[in-house]
There are 2 protein chains.
Amino acid sequence: MKIGELSKATGVSIRSLRYYEKQGLLAADRQLNGYREYNKMAIEQVVTIQFYLSLGLSTDQIAGFLHCVMKNKESFCKEILPVYQKKLEEINSQIDLLNAIKSNLEERIASILEESGGMLQ
Amino acid sequence: MKIGELSKATGVSIRSLRYYEKQGLLAADRQLNGYREYNKMAIEQVVTIQFYLSLGLSTDQIAGFLHCVMKNKESFCKEILPVYQKKLEEINSQIDLLNAIKSNLEERIASILEESGGMLQ
DNA sequence: ATAAACCCTAACATCAATGTCAGGGTCAAT
DNA sequence: ATTGACCCTGACATTGATGTTAGGGTTTAT
């Protein structure tokens, strides 16, 4: 499978596939002409990469356990739990911050709507 | 007041003060030698800029209403309400996304802890 | 053999506020 | 007059996944 086919099969841009390779996430054989040649497992692997990226993990973090999770259940890969836990803490911090900002915005919006009363057309 | 004094008075770096000027947020007179000269209102203005930045607004957005809010109550500045409302929508989207990721992470963490059971030391 | 559709590498661009460095004036106190 | 502490502008760096372009080789079908 050439890179264009893998791109179409996964919906991931050629640019991103090459980037994943450089980040050590996705290996490819080379044909004699230099073209990348992917086996059919590559599709599943790219989908997996995209999934972990959608959890907000970095390519660096994913590289730390991808090889393991492609061959085993997650619970078998001891590297993954601390990554998940660290990410969960980050997410919680971010949610807290966003909620604080949200409250602040809501208060200020309410205040504006009250004070301007009927003045707004 | 020179830029170093303003920086110390507000805790904002000199670099940032110059950046705010370039973004049209903070004006300064110039002494004959080219040094920036700030009046005492600048301190309040920088604090105000920092506050709006902490709400996640961009310098561009802040520039759209800062002049007004430095002289009036927020409710007087009609430019500010749509900015707040747009930002609130963004924040809500981000919170929703983070909550979805959080649920996903929590499920996967729970699953790992269950399945590995007593296997982890 | 030529054109369209592929593939390759390398490199710059994105976003946005801030850090940092280079190269060079200015001012104050000794 | 020299030193240290200021100030100036301009420009590159940061972050990280992805877009885009340039310049060039390959393959396939006509």
Side-chain angles (χ1 to χ4, degrees), chain A residues 1-39 42 45-64 66 83 86-87 90-91 93-94 97 101, chain B residues 1-39 42 45-64 66 83 86-87 90-91 93-94 97 101:
Chain A
M1 189 172 23
K2 283 185 292 186
I3 197 168
E5 302 171 71
L6 181 57
S7 173
K8 270 168 197 148
T10 59
V12 175
S13 73
I14 291 176
R15 174 69 176 87
S16 293
L17 295 176
R18 295 196 184 117
Y19 177 70
Y20 298 163
E21 179 174 314
K22 180 157 283 186
Q23 299 305 111
L25 293 178
L26 185 61
D29 288 334
R30 293 293 178 134
Q31 294 174 343
L32 290 179
N33 55 20
Y35 288 12
R36 289 171 179 82
E37 175 66 29
Y38 297 95
N39 58 44
Q45 186 151 340
V46 170
V47 169
T48 303
I49 292 168
Q50 289 281 105
F51 169 74
Y52 287 121
L53 284 176
S54 79
L55 287 184
L57 302 184
S58 68
T59 54
D60 241 29
Q61 290 175 313
I62 297 170
L66 182 64
V83 174
K86 178 174 174 238
K87 189 68 199 178
E90 286 176 23
I91 298 279
S93 295
Q94 289 171 26
L97 178 59
I101 293 176
Chain B
M1 189 172 27
K2 283 185 292 187
I3 197 168
E5 301 170 72
L6 181 57
S7 173
K8 269 166 195 148
T10 59
V12 175
S13 72
I14 290 177
R15 176 67 175 88
S16 293
L17 295 176
R18 294 196 185 118
Y19 177 69
Y20 298 162
E21 178 173 314
K22 181 159 283 187
Q23 299 305 111
L25 293 178
L26 184 60
D29 287 334
R30 295 294 178 132
Q31 293 174 344
L32 289 180
N33 56 19
Y35 289 12
R36 289 171 180 82
E37 175 66 29
Y38 298 95
N39 57 43
Q45 186 152 341
V46 170
V47 170
T48 303
I49 292 169
Q50 290 280 105
F51 169 74
Y52 287 121
L53 284 175
S54 79
L55 288 184
L57 302 185
S58 67
T59 54
D60 241 28
Q61 290 175 312
I62 297 169
L66 182 64
V83 173
K86 177 173 174 239
K87 191 67 198 177
E90 286 175 24
I91 298 278
S93 295
Q94 290 171 27
L97 179 59
I101 295 176

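Sequence lines set the chain letters: A, B, ... in the order given, protein chains first and strands last, and positions in each chain run from 1.
When the salt bridge (charged side-chain N to carboxylate O under 4.0 Å, His left out) test is applied to A:Glu21, the partners found at least two apart in sequence or on another chain are A:Arg30, A:Arg36. Considering only residues two or more places apart in sequence or on other chains, A:Tyr35 meets the side chain to side chain contact (heavy atoms under 4.5 Å, CB included) condition with A:Lys2, A:Gln31, A:Asn33. For B:Thr59, the side-chain hydrogen bond (donor to acceptor under 3.5 Å, both in side chains) partners at least two apart in sequence or on another chain are B:Gln23. Residues forming a side chain to side chain contact (heavy atoms under 4.5 Å, CB included) with B:Leu97 (at least two apart in sequence, or on another chain): B:Ile101. Applying the side chain to side chain contact (heavy atoms under 4.5 Å, CB included) test to A:Ser93 and every residue at least two apart in sequence or in another chain returns nothing.
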Mind running side-chain contact (heavy atoms from CB on, under 4.5 Å) on A:Lys22 and A:Arg18 for me, showing each step along the way?
CA-CA 6 Å; A:Lys22 180 157 283 186; A:Arg18 295 196 184 117; over 6 Å; no
N/O donor-acceptor pairs under 3.5 Å from side chains in residues 49-56 of chain A, not counting sequence neighbours:
unit_1	atom_1	unit_2	atom_2	d
A:Gln50	OE1	A:Tyr20	OH	2.6
A:Tyr52	OH	A:Glu74	OE2	2.7
A:Ser54	OG	A:Phe51	O	2.6

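As a whole-Å value, the separation of B:Tyr35 OH from C:dG25 C1' is 7 Å. If you take CG of B:Asp60 and C1' of C:dA16, they are 11 Å apart, rounded to a whole angstrom.
A side chain to side chain contact (heavy atoms under 4.5 Å, CB included) with A:Leu26 holds for exactly one of A:Leu66, A:Val12, A:Val46; it is A:Val46.
Both A:Arg15 and A:Gly34 sit near DNA chain C, but only A:Gly34 has its closest nucleotide nearer the 5' end.
Note on residues 3-12 of chain A: no pairs pass side-chain hydrogen bond (donor to acceptor under 3.5 Å, both in side chains), not counting sequence neighbours.
From A:Leu25, atom CG reaches atom OG1 of A:Thr48 across 11.0 Å, with rounding to the nearest 0.5 Å. Atoms CD and CG, on B:Glu37 and B:Leu32 in that order, are 11.0 Å from each other to the nearest 0.5 Å. Atom CE of A:Met1 is separated from atom CG of A:Leu6 by 5.0 Å, given to the nearest 0.5 angstrom.
A 4.0 Å heavy-atom criterion places the boundary nucleotides of DNA chain D facing chain B at D:dC6 to D:dA11, written 5' to 3'.
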For DNA chain C, the dot-bracket pattern of Watson-Crick and G-U pairs whose distances stay under 3.5 Å, | for other-strand partners:
||||||||||||||||||||||||||||||
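Between A:Arg36 and C:dC8 there is a side-chain N or O to OP1 or OP2 distance below 4.0 Å. Contact annotation: B:Asn33 does not reach the phosphate of C:dG25 (side-chain N/O to OP1 or OP2, under 4.0 Å).
Listed by residue number, A:Ser13 are the residues of residues 6-14 of chain A with a heavy-atom contact under 4.0 Å to DNA chain D. Near DNA chain C, meaning a heavy atom under 4.0 Å from it, residues 48-59 of chain A has no residue at all. DNA chain D lies under 4.0 Å from at least one heavy atom of each of the following residues of residues 16-31 of chain A: A:Ser16, A:Tyr19, A:Tyr20.
The two residues A:Ala28 and A:Tyr38 have their closest heavy-atom pair at CB-CE2, 3.6 Å.
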